[in-house]
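The structure appears right after this line, and notes come after that.
Heavy-atom basis, side chains included; hydrogens, waters and symmetry copies ignored. Just so you know, ligand 1 is whichever comes first in the structure, and atom 1 is the first atom listed for that ligand.
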Amino acid sequence: MKKPADKKEIPLENISDIETKKLAEKALKEIKEEGEIFISSAPGRVNLIGEHTDYNLGLVMPMAINLRTVIVGRKTKNGKIKIISINKNEEKEVDSDKITPQKNWADYFLGPIYLMQKRYKLKIEGLEMIVNSSIPMGGGLSSSASCEISTIKLISAMFNLKIPPKEVAVLGRKAENEFVGVPCGIMDQMASVFGKENKSMLVNCKNLKVEYIDLPENWSFLVCDSGVKHSLGSSEYSKRKAECEEALRILRKNFGVESLSSANIKMLEKIKDIMPEKIFKRAKFVIEENQRVKEAKKYIKEKNKEKIFKLFLESQLGLKNLYEVSCREIDILIEIAWSFKNIIGARMTGGGFGGNIIAIVEKGKEKEFSDYIKEEYRTKTGIETSVRVVKPSSGAWAIKLT
Ligand code: GAF
């Protein structure tokens, strides 16, 4: 093995994305040997609107953001898969022919590798992967999906696999559902694969069709972290999913619909009396939220700030009162955002029970908004919020570096 001092500089000039470059520079310092080195980069996302509709085969409107998970990696011959996390300052190693869930952060990388070994009959002798991410973990900005998608892209580049983009997203979700054990929908993986600069996406989760929506140039997108992630999040997520299945069972029996997203409010009202109240509330939220995504597309195109404000507000109130996935801290943070005089729209983003809110303000108002929400949130809760301006960004990719 060569000493680090003897190592050649690895060229990064072909990488135009500044965030990736920054993350890669640090990761490359950990590569111990020269030879073929590959790099992958996958974004996190914010969901503008369409929450908890993905696993109901409905519509979502995420945008990929300029926070990314970068992996640099190389093939080895020692029969081991070694993953080094710069963020955690930890490394994990498993036998490459005996990958099983480790019940820790490594599973977001091992899951996709395991599935790819099986599906594409890959012979992996060994791998070394160094991961560096700027997506906060557990903040509802899809750090897990970005790890899965970055891994799939990296392995595809290394083994010269041409996997169609939708299959990449499906594989990422499968890894999370079956290997990590989280019953998520497909939104986050779709956003990480299909992101585009300056655009959000309208994804139909039934057929995985993606339509790109131009975002007004003078709108700025900010994420504000509530600073909490309530542990009941994952168990409540599974409960909501089961409640939606129960609502669908009753709706299907009466109207033959194939998903909650193909039902409507009239149908729901007709069977209100035979549906438990909680199940009714969950179904009402999903049906209305799906409708809001369609309206959001129209109002974004029209740059109609008042209508967007109202839609985001109704989405948030539905998440709080009907779907019951908000929490005290998010409610406070949102109320503060809504009270900012130049706000265009604000709502929680992601699964709920903490994490981040997304707020839209006009360009030039970012600092004023950030100072305002930080100060007010500190006064009301004693918690510091971190505010980040995020930009709609491109989806995942991978290349051979050397
Ligand atoms: C999480 C899940 F991973 C997504 O699939 C989605 O259901 C979201 O919560 C809620 O809209 O991010």
Side-chain polar contacts of residues 196-205 - donor-acceptor pairs under 3.5 angstrom, sequence neighbours left out - could you list them?
from, atom 1, to, atom 2, distance (Å)
Lys199, NZ, Asp214, OD1, 2.5
Asn204, OD1, Lys206, N, 2.9

### Inter- and intrachain pairs under side chain to side chain donor-acceptor pair (under 3.5 Å), touching residues 215-224, at least two apart
Ser220-Glu366
### Query
Taking only residues at least two apart or on different chains, which pairs with a member in residues 382-392 satisfy side chain to side chain donor-acceptor pair (under 3.5 Å)?
Arg378-Glu384
Between ligand 1 and the protein, tabulate every N or O atom pair separated by less than 3.5 Å, reporting distance only.
from, atom 1, to, atom 2, distance (Å)
ligand 1, 5 (O), Asp54, OD2, 2.5
ligand 1, 5 (O), Gly185, N, 2.9
ligand 1, 5 (O), Tyr237, OH, 3.4
ligand 1, 7 (O), Asp54, OD1, 2.8
ligand 1, 7 (O), Asp54, OD2, 3.4
ligand 1, 7 (O), Tyr237, OH, 2.6
ligand 1, 9 (O), Gly351, N, 3.3
ligand 1, 11 (O), Glu51, OE2, 2.7
ligand 1, 11 (O), His52, N, 2.7
ligand 1, 12 (O), Arg45, NH2, 3.1
ligand 1, 12 (O), Asp188, OD2, 3.0

### His52 ring center near Tyr323 ring center (under 6.0 Å)
yes
### Query
Less than 6.0 Å separating the ring centroids of Tyr114 and Phe179?
yes
### Query
Closest approach of Ile135 and Pro43, non-hydrogen atoms and distance?
CD1-C, 4.1 Å
